[in-house]
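Note that this is a predicted model, so its numbers are computed, not measured. In what follows, chains carry the letters A, B, and so on, assigned in the order in which the sequence lines appear, proteins first and then strands, with residues in each chain numbered from 1.
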Amino acid sequence: MLQLQKIREDKDLVINRLSVRGLDANILVNSVLELDQKRRETQVKLDDVLSKRNTISKEIGAFFKAGNVDEANRLKEETALINDNADKLRKSLSDIEKELNDILYQLPNLPHESVPNGKTSAENEIVMSKGDIPVLHKEAKPHWDLAKEYNLIDFELGVKITGAGFPVYKGKGAKLQRALINFFLDEAEKAGYKEIIPPYMVNEASGYGTGQLPDKEGQMYYVSEDDLYLIPTAEVPVTNIFRGEMLKKEDFPIKYTAYSPCFRREAGSYGKDVRGLNRLHQFEKVEVVQVQHPSKSYETLNEMVDYVKSLLEKLELPYRLLKLCGGDMGFTSALTYDFEVYSAAQERWLEVSSVSNFESYQSNRLKLRFKNENGKKELAHTLNGSALALPRILASILENFQVEDGIEVPKVLHPYLSFDKI
RNA sequence: AGAGAGGUGGCCGAGUGGUUUAAGGCGCAUGCCUGGAAAGCAUGUUUUCGGGAGACUGGAUCGAGGGUUCGAAUCCCUUCCUCUCUGCCA
């Protein structure tokens, strides 16, 4: 969440930056400042009352010790009024704090100054594109038909076992998936990321830490019996490794990678968007996460973007890089780049990666700090990116690499497979 | 899952209702001493929200949340976690 300190210092800047998201934050920001003022005033009053009570309590103790019971009892009566007053102030302080917190939770991150204005994905800025769009033969098919023809993925079987959006990968389909996971993890390790296998369920505090909560109905599956959430991305458990940590400035940059299945409810999706592998309730992903010094986080964001580019180029997939506009950016992000690959039979771009700098938005919730050059505690910056999400990569490989008598496999995966053509 | 034991500052560890303002030790920081260091001595050292230009100063904080009391690390309730034993299981 946003730092209250920053809102106090320059509320116009905050309102101004949030308008890039198409959000008029005037009322919210002003109530934050009002509540903050009220909170401090109330706390001063409460502290004062409690201070008096502490003094009197000590006096009572001293009187009892001295055997002066009458005087002690007289003072006891005095505290009744004080405690009454303290209760009221405590109640109103906690009400104010709750209200203040609720509003702070409603405020999204401030977009970086380079984020373009805009409401929808149509206004995202295409930064670059690379790779030739393949020319397919006349009988070319979308991946869901190929998956059936070559017996790679069984969507109906997944419906039988679980429900829509939970496909079953079979034979060479499963092996190709596994090869991609290994390829991505090996590349990440070469790029300096430490591999992690995180828990696939997280508690409520972790959900709040990275910003998935409060908003639970939207995307996460919830196991009520144990009060746990299935992770929608490895970002959640991996970033929460650092919840409450105090780092040293020499620790930066911290680079972690993790493969995990991801579970998303995706309420409200329909139509061609959910066809085949395009949008699933369970999918595989390799994620990269970095924790960085605030002065270097944008350098790191660029490094991560370059890293994802290199993966797509090694896989020989045509891609384009988008800088998201304010309206399309996630709640917690300050700047997000999306990668899309071209899936030649569907003739559409599919998002396969999202790389974001959250600046201190997550670390403020996580209480992820470090001792800076002056020995002061300061919030670290967190970043993450998909590297990469599997299903749409698989979809575009199947579609783009199909030839008349089968499906070829990107060369870079050959060492990971016992076959080089399906 | 059942029974028992436990959770106190950066770490160890004392503390069963009021000089605890959390003893003592280790570690760390600063100073004295020294040619320099060690030892020794002295001072400081949980975290966090406030007030104050500052020197200073108020509140909260002993796993977490409630309660009893004028007053709670200490008593009561709830809950989480760790350890030991038993059971179950890949």
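Shown here are the side-chain contact (heavy atoms from CB on, under 4.5 Å) partners of A:Ala174, two or more places apart in sequence or in another chain: A:Tyr169.
Closest approach of A:Tyr307 and A:Ala191 over heavy atoms only: CE1-CB, 3.7 Å.
Rounded to a whole angstrom, the distance from the C1' atom of B:C85 to that of B:C70 is 45 Å. One P atom belongs to B:U19, the other to B:U78, and the distance between them is 30 Å to the nearest Å. B:U82 and B:U8: their P atoms are spaced 14 Å apart (whole Å). For the C1' atom pair drawn from B:G44 and B:U21, the interatomic distance equals 16 Å after rounding to whole Å. Going from the P atom of B:C11 to that of B:C80 covers 25 Å, rounded to whole Å. Taking atom C1' on both nucleotides, B:G13 is separated from B:A22 by 12 Å, rounded to a whole Å. Across B:U69 and B:G54, the matching C1' atoms stand 40 Å from one another, rounded to whole Å. Nucleotides B:A90 and B:U79, compared at atom C1', are 30 Å apart to the nearest Å.
Contact of the A:Asn278 side chain with the A:Gln346 side chain is registered, since non-hydrogen atoms from C-beta on lie closer than 4.5 Å.
Rounded to whole Å, atom C1' of B:U45 lies 11 Å from atom NZ of A:Lys371. The CD-P distance, from A:Glu71 to B:G71, rounds to 18 Å in whole Å. Per the geometry, NZ belonging to A:Lys58 stands 19 Å off P belonging to B:G17, to the nearest Å.
Nucleotide B:G24 has B:C12 as its partner under the Watson-Crick or G-U criteria, with both atom distances under 3.5 Å. For B:G40, the paired nucleotide is B:C32, the pair qualifying as Watson-Crick or G-U wobble because both relevant distances are below 3.5 Å. Across every strand in view, B:U47 sits in a pair with B:A60 that passes the Watson-Crick or G-U test at under 3.5 angstrom. With a 3.5 Å ceiling on both atom-pair distances, B:U69 lacks any Watson-Crick or G-U wobble partner. Within the shown strands, B:U84 is the pairing partner of B:A3 under the Watson-Crick or G-U definition, both distances less than 3.5 Å.
Using a distance-only test at 3.5 Å, with no hydrogens or angles considered, a donor-acceptor pair links the side chain of A:Asn30 to the main chain of A:Asn26.
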Practice prompt. Summarise protein proximity over nucleotides 48-69 of chain B in one line of letters, 5' to 3': B for base, S for sugar-phosphate only, - for none, counting protein heavy atoms closer than 4.0 Å.
Written response: SBSS------BSS---------

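Contact annotation: A:Asn203 side-chain N/O to B:C80 OP1/OP2 distance is not under 4.0 Å.
Stacking of A:Lys255 on the aromatic ring of A:Tyr193 is recorded, both the 6.0 Å distance cut-off and the 45° axial limit being met.
Counting any heavy atom pair closer than 4.0 Å across all strands shown, A:Ser57 reaches a base atom.
Paired with A:Val236 under the rule side-chain contact (heavy atoms from CB on, under 4.5 Å), one option of A:Asn240, A:Val238, A:Thr239 passes, and it is A:Asn240. Exactly one residue among A:Leu315, A:Val286, A:Leu311 makes a side-chain contact (heavy atoms from CB on, under 4.5 Å) with A:Leu180. That residue is A:Leu315.
The structure places CD of A:Gln292 at 11.0 Å from CG of A:Asp251, a figure rounded to the nearest 0.5 Å.
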